[in-house]
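Each remark here refers to the structure printed beneath this line.
Excluded from the calculations below are hydrogen atoms, water molecules and symmetry mates; all remaining heavy atoms, backbone and side chain alike, are included. Just so you know, ligand 1 is whichever comes first in the structure, and atom 1 is the first atom listed for that ligand. Residues take their numbers from the sequence shown, with the count starting at 1.
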Amino acid sequence: MPEDTFDERTAETYEAKWPELFDPAVVNPVVDFLADLAGSGAALELGIGTGRIALPLSRRGVPVHGIELSPAMVARLRAAPGSENIGVTIGDPELRRLPPGQTVHPFTVTPEHLGFEEYDVATQIAYSHHYWVVDGQLETRSTPHRYVWPAELDLMARLAGMTLHERWAGWNREPFTGESRSHVSVWRKT
Ligand SMILES: C[S@@+](CC[C@H](N)C(=O)[O-])C[C@H]1O[C@@H](n2cnc3c(N)ncnc32)[C@H](O)[C@@H]1O
């Protein structure tokens, strides 16, 4: 496994380190949105991880398949009841480590968790740096992620024969604006 993927330790502590992601108030709107969208169809999740979303979505009756880079994350998924209904393909995106960019942006600042992105704007790679205090010990982790702008995704979708159908800031269909920190986009085959 490449050294910059989600390793055993990250997989083992994923829920403990990001408890807010597992809050039903966060998970349920995602699953509602996706189950509604899937209808009688299936779902493909890029970066399925430990199945935080895939497992409850599968339990709703939506056939789910995942693509995942990290065998450690998939091993956690496989340990969960219901994961036998979910197919996973291990994918290697050939992530490249590049010179650091100039832009740094904090996204989490709490007494237990400091996280910031370091952007290389030329290559559109964001390095996520995490510093956790776990049981009085410092744990750090840095991983590179390729980021895309909505307009770039729209172009990719167009090349794949799809057009934008909906774009929101979140799973509860909040309006998408220049201040939004996330987006939920739905493209349809045309
Ligand atoms: C932050 S975790 C999210 C996991 C899950 N989707 C969730 O919502 O809990 C990101 C996951 O995406 C995987 N990943 C990142 N880039 C990937 C890529 N290019 N191809 C496949 N998996 C990738 C990581 O290994 C990790 O398991």
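Within a 6.0 Å radius of CZ in Arg158, no more than 12 heavy atoms belonging to other residues, nucleotides or ligands are found.
The N/O atoms of Leu69, backbone and side chain alike, include one that comes under 3.5 Å of an N/O atom in ligand 1. Distances between N or O atoms of Gly47 and those of ligand 1 include at least one value under 3.5 Å.
Ligand 1 has Tyr14 within reach: a non-hydrogen atom of the residue lies less than 4.0 Å from it.
Between Trp168 and Phe176, a ring centre-to-centre spacing not shorter than 6.0 Å is recorded.
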| message | Pair Thr103, His105 - check side chain to side chain donor-acceptor pair (under 3.5 Å), show working. | response | CA-CA 7 Å; Thr103 312; His105 166 70; over 6 Å; no
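With respect to Glu84 and Arg78, no salt bridge is recorded, no charged nitrogen being found less than 4.0 Å from a carboxylate O. With respect to Glu112 and Lys17, no salt bridge is recorded, no charged nitrogen being found less than 4.0 Å from a carboxylate O.
No part of Thr50 comes within 4.0 Å of ligand 1, judged by heavy-atom distances.
For ligand 1 and Ser70, the ligand atoms under 4.0 Å from any heavy atom of the residue are 25 (O). Distances below 4.0 Å separate heavy atoms of Met73 from the following atoms of ligand 1: 27 (O). Within the listing of ligand 1, atoms 5 (C), 6 (N) sit less than 4.0 angstrom from a heavy atom of Glu45.
No donor-acceptor distance shorter than 3.5 angstrom exists from the side chain of Arg141 to the backbone of Thr10, with no hydrogens or angles considered.
Residue Glu68 holds the heavy atom nearest to atom 11 (C) of ligand 1 of all those in Arg146, Arg52, His145, Glu68.
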